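Values below: every heavy atom of this structure, side chains too, minus hydrogens, waters and symmetry copies. These figures come from a predicted structure and were not determined experimentally.
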Amino acid sequence: MDKNKQLFQQSQLIIPGGVNSPVRAFGSVGGTPIFFKRAKGSRLWDENDKEYIDYINSWGPMILGHAHPEVIKVVQEVAESSLSFGAPTERELIMAETIVRLVPSIEQVRLVSSGTEATMSAIRVARGYTSRDKIVKFEGCYHGHADALLVKAGSGALTFGQPSSAGVPHDVAKDTLTLPYNNTQALKDLFDRLGDEIACVIIEPVVGNMNLIVPEQEFLETLRQLCTHHGAVLIFDEVMTGFRVALGGAQELFNVLPDMTTLGKVIGGGLPVGAFGGKKEIMSQLAPLGPVYQAGTLSGNPVAVAAGLKTLELIQQENFHVQLADMTNKLVTGLTQIAREQGKEFTARNVGGMFGLYFSATAPNSFDEVMASDRESFNKFFHLMLEQGIYFGPSAFEAGFVSAAHTEHDIQQTLNAAQVAFEAL
Ligand code: HOZ
């Protein structure tokens, strides 16, 4: 019997939905989730020993590819000295110095264990700093699963048709205002009405949770100006984009600086780490200095920080991001060209090493445009590619990721598979 099927059946008996994170259940695309047992470079192997080219890369962290020898070596060495102290270490200081040096707007930073913790904590600090309650987010942006942020969220919340989650108290959600992405006028209107009551605006500066959406420059710049004018804290959620779309993240790429930034994924090199940072004046609100409480036993975990530091060291090599973007660009250009030759309504685009695949005539710019794309064709395409050993995100609403381990050969193999898949559509 197919081992993936067998494991999924068993898992469903004792793990809700058979998975530990909803998108993995293949609910959006249908079929059986793949259970993986091994990964190296750009490749994955499932429990049936079938090989795949990986375009998820653990949703971003594996920017160097899987099991990079230098990352594995440092993880092994550090694990020998401790798995956790629950006390400060020198590596945490080096990590903080590295983040402050590389991310243009961060003056001080605190480490946590996940992106959800980072965004949840950033919002608490922003509320404490401004003494205001209202927060603003954008439709289809996903910032982890803290109660206040599960309002009109993207990613799994979107896939399962539940823009908000059950279990979120009305009193918590009522202070979360949502706006359409890339709609400058709606932004201005809201600030005109309520600007002086808004604690913060949180945004994915390039969205990776409703497929890939690129911000309009004017939209980001207006957002910056309005937040400054009204004393609202601007938070860039760079959990996905940080160190990926450019070394200094989306804020460097678009040259718009937030007051606070949340990070995750790449800074853990594949182990659980998150971070939030920003202006000293805001960050000094945090305990033990200030009145905003935030804490974590595994925060700054030595092994995770070591994996992240080695990853950050390696991605600072000259031309790293140029090459990553080039490789990703070859993929999206190739796919778009094949689709065009075959007369299929499809397009693709990338920002650095992050990409989107869209079954629509033009790349979407907002949540409504993403929702209007042809989901059925995506699902068919996904399975046709999967059969041929190409592993894209199992949902039309997720972005894709390329690593430095992906080669021209990987891209060509993917394009050959796409030729077959588009023909069969
Ligand atoms: N929320 C993640 C994608 N945007 C999926 C996380 C996972 O399944 O690992």
Legend entry - Output field: ring centroids F36/Y391 closer than 6.0 Å: yes
Legend entry - Validation row, ring centre F359 to ring centre F382 under 6.0 Å: no
Inset, instruction - May I have the step-by-step check of side-chain hydrogen bond (donor to acceptor under 3.5 Å, both in side chains) for T414 and Y55, ending in yes or no? - result: CA-CA 10 Å; T414 307; Y55 287 108; 2.7 Å; yes
Inset, instruction - Flag yes if more than 12 heavy atoms outside H145 fall under 6.0 Å of its NE2 atom; otherwise flag no. - result: no
Inset, instruction - Taking atom OH of Y293 as the centre, report whether more than 12 heavy atoms of other residues, nucleotides or ligands fall under 6.0 Å from it. - result: no
Inset, instruction - Specify whether F392 and F381 have parallel, tilted or perpendicular ring planes, treating 30° as the upper limit for parallel and 60° as the lower limit for perpendicular. - result: parallel
Inset, instruction - Assign the ring pair F191 / H230 to parallel, tilted or perpendicular, where the plane angle (0 to 90°) is split at 30° and 60°. - result: tilted
Legend entry - No-hydrogen, no-angle side-chain donor-acceptor test under 3.5 Å, E398 and S395: no
Inset, instruction - Ignoring hydrogens and angles, state whether a donor on the side chain of S42 or D410 is under 3.5 Å from an acceptor on the partner side chain. - result: yes
Inset, instruction - List the steps, then state whether salt bridge (Lys or Arg N to Asp or Glu O under 4.0 Å) holds for R38 with D46. - result: CA-CA 7 Å; R38 192 162 66 84; D46 74 4; over 6 Å; no
Legend entry - Candidate list E281, R124, Q285, test side-chain hydrogen bond (donor to acceptor under 3.5 Å, both in side chains), partner Y129, passing option: E281
Legend entry - Stepwise salt bridge (Lys or Arg N to Asp or Glu O under 4.0 Å) test for K73 and E70: CA-CA 5 Å; K73 185 163 169 273; E70 289 187 58; over 6 Å; no
